[in-house]
Amino acid sequence: MKFEFIPIDFDYFDFEGKNYIRLIGRTEKGEKICVIDNYEPNFWIILKKEYEKNVEKVCEKIKKTVSEKASRLSGVLRTEICNKKFLGKEVVAIQVFVTNHKDAHDIASKIGDMKEIEFRREYDIPILTKYIKEKKVEPLRWYTVDGNAISSNEFSKMSNTDLKICVYASKIEKSKKEGGFKPKILAYDIEVDDTEIGKGNILMVSLYGDNFRKCLTWKKCENSQDYVDCFENQAKMIEGFVKYVKEYDPDVLTGYFSDGFDLPYLKSIAKKNRLKLNLGIDDSEPIFSRGRISSGKIFGIVHIDLYRFIDAVFSQYLQSETLSLNEVAGELFGEKKENFDFEKLNSMKDSDWRDFFSYCLQDSRITYMLAEKIWPDIFEFTRIIKEPIFDVTRDRMSSHVENFIIHNLDRFNEIAEKRPVYDEIEQRKSLGKYEGAFVLQPIPGFYENLAVFDFTSMHASIIVSFNLSKSTLVDKKEKGSFQTPEFEFDGEKKFFYFSKEKGFTPKLLEEVVGLRKKYKKEYNENKNPLLKARSNAYKLLANASYGYLGFFGARYYSREAAASTLAFVRDFASRTIEKIRNEGYGIIFSDTDSIGFELKNKTKNQVLELLKKINSELPGIMELDLEDFYRRGLFVSKRTTKEGAKKKYALLDENNKLKIRGFETVRRDWCKLARDLQNEILKKILEDGDEKRAFELLKVAISKLKNRKINIRDLMIRTQLRREISQYLSEGPHVAAAKKMKEKEIPVSQGMLIEYFIGESKSKGKRIGDRVFLPNEKVNYDVDYYLNNQIIPAVENIFEVFGINIKNIIEGEEQRKLF
DNA sequence: GGAGTTCGCATACC
DNA sequence: ACAGGTATGCGAACTCC
């Protein structure tokens, strides 16, 4: 049979000691089917130059290697001699085909001590990555599959699913069919009576899909909404959950933090009740992989924990201060969670249960909406990176960059570099930092008529323009090679040189930057979410490529190339600053790739002319852009000294839109009162240029505070608990608050945002931490603390720019009892 | 026991 | 362990007399 097919999920299995790949996807008609493909596992051996002529002999020796592990006999099946490239250099290599991928590493180690061998490579790449890379069967693209349905032989047992068709492929070819498909998404959410996994009960499970909504429970059976499905007990409810998922038959099952909470909780309750959580289409249970956060994989259904993807990739587009479902959904499509007071859980009335069901369903509903909203980004990212959706939605940016490189190596005839082993990672981490970007110290003041220039994708464009990478670093100056500016590296003043011949990673990055430009333009002509997602994906990839160079876990790590990139960044920033200054503009600030300056007596046209001139002098693909013109800007001094504070400013553009950076207004660990007040004052000063009126705002706030008219909610301070309580050397207020929560048996966990306020206390200790109170504690707030440690520090430096010393005025007014 | 200083920590900028 | 370095500023903990 022959048909069109789009792979959605990838998996593999062993049959008679050999590896097979299982693809789950849909046909053109929308049927969900399974395609099985064979795969010949292999790795590479690179010969030492002097032994290249002995390559045939080496092959013969290698063929005798066997591995016996886990009662599996595995060996070298055949070898192939190829001319390849490794790190840009021509090599003679042997591709060694083995029985089973799991033994590739072992076999590679066994032949490692042969004197003819220089390197062994690609035994450390996961099998699905190797399969996709070599057979070019990529996720979410259309293929024409030729093959036979398998039904009643031994082999079929290995691929047993409840799908109607399973096909053993004889041929898989790229299809002409374009475009994607709309996945069938099902969102789920659970509510429990104890948040520690498996400790309590799952009170309800909600499901939300296309034209589908359910809330499953065993707690309350009468007078509930029509979507509530009531079961005899918790075990029956879980069976019901599995049944509903199977009936709906989704491509994607999604939750929010479901890797870390919902799925493991369901599994643990199922286990307690001696049930199988057989969600897989072959009736298998979810498999949890180990890692920093365990990931729940379901066979045949892509389990996506939206939180993981947002945390690793998508959060860069967001303003949200936390990545809670509520805040993220609120920002992306204005939908909020419902309110439910969990303290009622012990005394629930009928109406409370109805509210609770509704709350739970709403969580699934907004998870579903979020999945639909983010799908274009997941889709495009998956197609560009070419890894299975499961991994694309969980990997961090460094892995994305690396996988993108790996899946494009064949175009350069390159063999992949190996992953660093533990010792190498430790060694790389032990090296100190290298010098970073340049930040210009501003002179505090109130400025008018400004312009800001910035370099577009500065690091990436430098890497491309100067051919910076691990494989292009050369020992000494060559004809046409690129030379870095002189800079200090590990305590030594030096230069680095990079070859003239383009390396494959700078070449790839050049493509990425080009594609980003192309799709950004296309998106501007045709605003559709897929084009936006594609353009964004290339942008993220370009921006992460510099960080990847300096990341200790990278296959293509090069501390020299990373440090060289920054040497160029500093050089271009300072030279551009000089050019602008020499034209008669007043430089105000600069940070890494941006430069802000006063127009003084110049016109906007002159600024644009200057921009054109600078651009004509920039090498390679480097580009300077006009970020914007600004009417006014405010720069303050540091709190400790009189010097100007870096990374802290407020700008007002020509549409009267405020751009605030670094100020307390944008810091989530300051109370709302101080943040809002500072924001209002900055607004007043920048919009009206009237600091006297702004001062009135401060006076009103102080008098409200002293008269205890401030809502306690506006005084809450939120700080993240970034480690386990016991791991802190210094006990800050948020740690004291976390300890207090633990005493009161309020769940506290690493990574949580701790909320507290500072109150009056009889046993006044020396530390602020001794006066910490939790949000529901009925204690008077500490007026002095909020005045001296929140309000005044937030606005003091702003007024100082205008020569107003607020402390003196406040003390004066206090004496005259004006407050 | 108070003043001055250093250090740990969280968060922001690019 | 899961992109990099630069920077501010609080509060705790230390040092010193």
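Basis for what follows: all heavy atoms, side chains included, without hydrogens, waters or symmetry-related copies. Proteins come first, then strands; the chains are lettered A, B, ... in the order of their sequence lines, and each starts at number 1.
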Dump every N/O contact between nucleotides 1-3 of chain C and the protein below 3.5 Å, one line per pair.
unit_1, atom_1, unit_2, atom_2, d
dA3(C), OP1, R396(A), NE, 3.4
dA3(C), OP2, S398(A), N, 3.4
dA3(C), OP2, S398(A), OG, 2.9

Please name the pair of heavy atoms, one in D395(A) and one in A312(A), separated by the smallest distance, quoted to 0.1 Å. O-CB, 3.4 Å
Atom CD1 of I462(A) and atom P of dC14(B) are separated, to the nearest Å, by 17 Å
Would you verify whether the NZ or CZ of R723(A) falls within 45 degrees of the ring axis of Y728(A) while also being under 6.0 Å from that six-membered ring's centre? yes
Can you list everything that forms a side-chain contact (heavy atoms from CB on, under 4.5 Å) with L729(A)? Sequence neighbours excluded, please. none
Aromatic F390(A) / basic K297(A) pairing, under 6.0 angstrom, 45° off normal: yes
K433(A) NZ - dG5(C) C1' separation (whole Å): 6 Å
List for me each residue that meets side-chain contact (heavy atoms from CB on, under 4.5 Å) alongside Y786(A), sequence neighbours excluded, and say none if there are none. C671(A), L705(A), L715(A), I717(A), F757(A), I758(A), Y781(A), Q790(A)
Flag this pair as yes if the NZ/CZ of K646(A) is under 6.0 angstrom from the six-membered ring centre of F589(A) and inside a 45 degree cone about the axis; otherwise no. no
Applying a 4.0 Å non-hydrogen cut-off, can you work out what A562(A) is touching in the nucleic acid: base, sugar-phosphate, or nothing? nothing
Residue set satisfying side-chain contact (heavy atoms from CB on, under 4.5 Å) with S465(A), at least two apart, ordered chain then number -> I621(A), M622(A)
Distance check: side-chain N/O of R661(A) vs OP1/OP2 of dC14(B), anything under 4.0 Å? yes
So what does Y728(A) touch, heavy atoms closer than 4.0 Å: a base, only the sugar-phosphate, or nothing? sugar-phosphate
Separation of F589(A) atom CZ from dA7(C) atom P, in whole Å? 15 Å
Separation of dG8(B) P from Q727(A) CD (nearest whole Å): 15 Å
Which is true for Y649(A) with a 4.0 Å heavy-atom rule: it touches a base, it touches only sugar-phosphate, or it touches nothing? sugar-phosphate
What is the distance, to the nearest angstrom, from the OH atom on Y557(A) to the C1' atom on dG4(C)? 11 Å
Return a single string for nucleotides 8-17 of chain C, one symbol per nucleotide in 5' to 3' order, where B is base contact, S is sugar-phosphate-only contact and - is none, cutoff 4.0 angstrom on heavy atoms. SSSSSS----
H734(A) side chain N/O closer than 4.0 Å to the phosphate oxygens (OP1, OP2) of dA10(B)? yes
Can a side chain N or O of R723(A) be found less than 4.0 Å away from OP1 or OP2 on dG8(B)? no
Do we get K494(A) above F489(A)'s six-membered ring, with its NZ or CZ under 6.0 Å from the centre and within 45° of the axis? no
Using a heavy-atom cut-off of under 4.0 Å over every strand shown, decide if V666(A) touches base, sugar-phosphate, or nothing. sugar-phosphate
Who are the side-chain contact (heavy atoms from CB on, under 4.5 Å) partners of D653(A), not counting sequence neighbours? D628(A), Y630(A), N655(A), K657(A)
Please work out if F663(A) contacts a base, only the sugar-phosphate, or nothing of the nucleic acid, heavy-atom cut-off 4.0 Å. nothing
